[in-house]
Amino acid sequence: MSLLGMLGYFVAVWTFVTVWHGAESSRWHTWWSYDSGISGPRYWGMLNPHWSLCKKGRNQSPVNIEPKALLFDPSLNSLEIKGNAITGMLANMGYSLTLDVDLGSHWSHGVNISGGPLSYTYRVFQLRVHFSHSDTDGSEHTVEGRGFSSELHIFAFNSDLYENITSAMTSPRGILCMAIFLKVSNATNPHFERIHRALDDVLYKGDKREVSYLELRGLLPQTDHYMTYEGSLTHPACHETVTWVIYNKPVYISSTQIAGLRRLKQDTKSNPVLLMAGNIRPVQSLNQRTIRTNINLGEGACSMERDINYAVNHNYFQYQRESYSFP
Ligand SMILES: *[C@@H]1O[C@H](CO)[C@@H](O)[C@H](O)[C@H]1NC(C)=O
Ligand SMILES: *[C@@H]1O[C@H](CO)[C@@H](O)[C@H](O)[C@H]1NC(C)=O
Ligand SMILES: *[C@@H]1O[C@H](CO)[C@@H](O)[C@H](O)[C@H]1NC(C)=O
């Protein structure tokens, strides 16, 4: 072997060992992105053996919702939400803005959710916000192929069956995620304003700031109507342990409020090149799954029509009903 060849060999081994070692300690875990490059969503499943579901999973999220394919399930009741105020740490995680709820807080008893499609009680532990540079493709889930300005995820874990978030995340019926579409209007949302005002303190990756006594109910739309299906986390490791509940009405925030989100950086202060905006996983195949709803699409015309927010194809259901009503 020539001297140059040997040198190349050592450099290669050294690089491998360094990268691998760095990876093992902490970097590996965060070495993914929303780019179109090799750290992006299409390759998540290949970056780490523990993330193989991102590629192989057949029950992945997000998905596109086709209103005409929704299944009305009369057994779906309203969600029962106990508690309201949460206190927690708002953090810029680089690829996303999260609020980790302080589950041991003496000031608030947190929020517990049951009912609806759930057989267990779930405890809210994290909020996460997805958004992009545009008002029409900032959500992960889409309705008839169309996106919204932003999508808020409220994560809760099954506290009946699991001791902690980590074990719930990887176990059956472990996680509930309530998804709320955010739409830009010219009215300032007073509840979202609590988060908006804290954004200047979390501009860069690693920044954290406490937000106390945030009223969770204020961030939910005024409706009991939702869509639900079984899916996955929309980021690595893509565990298929999530029951999704997607509200049938958006919540409105102002253009100033969304502009605040769009200023967040993906990098640290010393290298603030990339913006966080665009933290959207592309929609995944629904495969054999059905999306159920508690919106009674077939019932009478006028009174329900008002409540159907995402352009449900009423004629389709009308047609279905008639076709079954032959004597
Ligand atoms: C939620 O459940 C936990 C137990 O898991 C309990 O300690 C807490 O008080 C409950 N909070 C509310 C608001 O019901
Ligand atoms: C979570 O709970 C599991 C099982 O109850 C336990 O083995 C594990 O150590 C716990 N993890 C943490 C981080 O507390
Ligand atoms: C938005 O602004 C327009 C014009 O400035 C005004 O007519 C309208 O009422 C506003 N809408 C809301 C929801 O504030």
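Predicted, not measured: the structure shown is a model, and the values here were computed from it. We count residues from 1, following the sequence as given. Indexing begins at 1, ligand by ligand and atom by atom, following the structure's order. The basis for the numbers below is simple: all heavy atoms, side chains too, and nothing from hydrogens, waters or symmetry mates.
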### Query
Given the rule in the ring pair (Phe, Tyr, Trp, His ring centres under 6.0 Å) test, do Trp44 and His235 qualify, once you have shown the distances and angles that lead to the verdict?
CA-CA 8 Å; Trp44 288 349; His235 54 89; 7.8 Å; no
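Side-chain N or O atoms of Thr87 include one that pairs as donor or acceptor with a backbone N or O of Tyr213 at under 3.5 Å.
Heavy-atom proximity to Gly83, at under 4.0 Å, picks out these atoms of ligand 1: 13 (C). Within the listing of ligand 1, atoms 13 (C) sit less than 4.0 angstrom from a heavy atom of Gly110.
Scanning the protein heavy atoms around atom 10 (C) of ligand 1, the nearest turns out to be Asn112 ND2, 2.5 Å. The nearest heavy-atom contact from the protein to atom 7 (O) of ligand 1 is Arg123 NH2, 4.5 Å.
The closest side-chain heavy-atom distance from Thr243 to Glu230 is below 4.5 Å. Considering only heavy atoms from C-beta on, Arg281 comes within 4.5 Å of Cys54 through its side chain.
Atom 14 (O) of ligand 2 is flagged as protein-proximal [any protein heavy atom, distance under 4.0 Å]. Within the 4.0 Å cut-off (strictly below), no protein heavy atom is located near atom 4 (C) of ligand 1.
Backbone and side-chain nitrogen or oxygen atoms of Asn164 are examined, and one is located within less than 3.5 angstrom of a nitrogen or oxygen of ligand 2. By the 3.5 Å distance cut-off applied to N or O atoms, His109 is counted among the residues near ligand 1.
Side-chain contact, Arg173 with Asn158: no donor N or O sits under 3.5 Å from an acceptor N or O.
Just one of Arg197, His196, Glu193 meets the side chain to side chain donor-acceptor pair (under 3.5 Å) condition when paired with Gln257; it is Glu193.
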